[in-house]
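Values in this document were obtained by computation on a predicted structure and should not be read as measured data. Side chains included, hydrogens not; waters and symmetry mates left out as well; all remaining heavy atoms used. Chain A is the first sequence line, chain B the second, and so forth, proteins listed ahead of strands; every chain is numbered from 1.
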There are 2 protein chains.
Amino acid sequence: MKKMIARKEGEKAKLKAKILETAREMVIREGFDGLSIRRLAEKIGYAPGNIYLYFAGRDEIAREICRQSYAEMLLAIEPAAKVKDPVGRLKALLKSYADFAEGRPETYKLAFMQDPKFNEVMFRQTAIDEETGAVQKAFRLIVDALDELKQVGKIDKRANTNLLAEVLWAGVHGVVSLKLIYPAFPATPTSTLVGTMIRTLLNGLRVERRAPGSGRSDR
Amino acid sequence: MKKMIARKEGEKAKLKAKILETAREMVIREGFDGLSIRRLAEKIGYAPGNIYLYFAGRDEIAREICRQSYAEMLLAIEPAAKVKDPVGRLKALLKSYADFAEGRPETYKLAFMQDPKFNEVMFRQTAIDEETGAVQKAFRLIVDALDELKQVGKIDKRANTNLLAEVLWAGVHGVVSLKLIYPAFPATPTSTLVGTMIRTLLNGLRVERRAPGSGRSDR
DNA sequence: GTCTATAGGCTGATAGAC
DNA sequence: GTCTATCAGCCTATAGAC
């Protein structure tokens, strides 16, 4: 039975992709609130009801776009993972992350600044498949770089690299998200802010008397 | 003419305050999207049309709530400004800021994570009056603490304290905003993340060979 | 000042003809 | 599969009676 409609399923998949692509454009241009079934249907030249043949509803489309966005983010930062020097790699990773946010503001807003309704699944540790695990993979890249820094003695042996990766991520996220919402507030250019953030944090992580990130590390 | 309706204006102001208060509760409970003129009117026991006697429209109400939120934020962090030790003061300021965000999530979302439509005015340097300037005042408190640190030689003389204040603010904002959207992502408790963020940044700012925040400081 | 009524939109989602 | 028509609801804002 499933075999018999193989060709049709192929066509179905095509239209489904077109719906998704168009929906994505709408979200990127107008934000998530600008995504309406009616206007989406009109754009692809179909009646509104047809959308429901491919998606359960508007929320499912939004979730799918979210998944794509995370995959895109991972794709954007992955090249930086090839940098050999762990310090340079860390900087490259975080800077490419910031560039991604700046270059695709609406995508970033949807994926990282929106109601968790559409993406809470993404951050679960149980997430495994290719796209869903994009955030975890990206996070891993940062932790790995920090672990290398620990091994070569550039940061304290006792440092909690998971915690530090979270702090670094949050720090860069803070700059780019604030910038996306209030282009005028941090008056300094994003690149300078991100650069200073990364440099200062890394500087603060160098081996000193006290172990940074060692506080309450075991919970 | 204005004198003659003085009493009435007093009553007007009272109802206006009630509208605002109710609207504020709605936003805090349901988010900005949950603020509707109809339900607002119903809650205060008036017909929808009456709202327009006091406010030009929904957006004006939202803007007013925003103004209040900024004032509230300043109020929340101001006590920390009394701490004598500049390091302790800086930590106290940023921690009370984080506490404010955590304690009033919807208020914080509205004021710092929403479309700039309602609050872009707040970040302008020209903003002068009491409430509108709340953000600038709060920012000043941070810059002042950093300037003191500079004077006592705890951070480099060449440091751009304005830039550093922006980085610190953005760093804390990054933690709290990420937490508000994805309670599960940074698995670490907010207080630990904020603590590590502040400690690491300050640690990175101590006088070293290189001046942190001195890069591209003059623009 | 306050009301009712309504204009004029928008929305997601569904039923049933073809 | 695709359509039209529609349900059922939301919304902001305004007009005009009382």
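Computed from coordinates, the B:Phe55 CZ to D:dT14 C1' distance equals 18 Å when rounded to whole Å. Across the protein-nucleic acid pair, A:Met26 atom CE and C:dC10 atom P stand 13 Å apart, rounded to whole Å. Going from atom OH of B:Tyr46 over to atom C1' of C:dT4 covers 16 Å, rounded to whole Å. If you take CD1 of A:Ile19 and C1' of D:dG1, they are 12 Å apart, rounded to a whole angstrom. Atoms CG (B:Leu15) and P (C:dT2) sit 6 Å apart, rounded to a whole Å. In this structure, B:Glu60 places its CD atom 14 Å from C1' of D:dT12, rounding to the nearest Å. A:Ile44 places its CD1 atom 13 Å from the C1' atom of D:dC3, with the value rounded to the nearest Å. Atom pair B:Leu53:CG and C:dT4:C1' shows a separation of 14 Å (rounding to whole Å applied).
Within the 4.0 Å cut-off from OP1 or OP2 of D:dT2, at least one side-chain nitrogen or oxygen of A:Tyr54 is found.
Counting non-hydrogen atoms of neighbouring residues, nucleotides and ligands closer than 6.0 angstrom, the CD atom of B:Glu42 reaches no more than 12 such neighbours.
Screening A:Val194, A:Ile198, A:Thr192 against A:Thr196 for a side chain to side chain contact (heavy atoms under 4.5 Å, CB included) leaves a single residue, A:Thr192.
Residues B:Phe112 and A:Phe185 keep their aromatic ring centres 6.0 Å or farther apart. Ring pair A:Tyr97/A:Tyr108: centre-to-centre distance below 6.0 Å.
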Nucleotides 11-18 of chain C: protein proximity per nucleotide (B base, S sugar-phosphate only, - neither; heavy atom, under 4.0 Å): BBBB----

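In this structure, B:Glu30 pairs ionically with B:Arg39, as a charged nitrogen and a carboxylate oxygen lie closer than 4.0 Å. Ion pairing between A:Glu64 and A:Arg67 holds under the 4.0 Å rule for side-chain N and carboxylate O. Salt bridge absent: B:Lys43 and B:Glu21 never bring a charged side-chain N and a carboxylate O closer than 4.0 Å.
Remark: the A:Tyr54 side chain and the A:Tyr46 side chain contain no N/O donor-acceptor pair separated by less than 3.5 Å.
Across the helix from C:dG1-D:dC18 to C:dC18-D:dG1, the helix axis at one end is tilted relative to the axis at the other end by 20° (nearest 10 degrees, each axis from five pairs).
Using modelled atom types, no side-chain atom of A:Lys109 and backbone atom of A:Met113 make a donor-acceptor pair closer than 3.5 Å.
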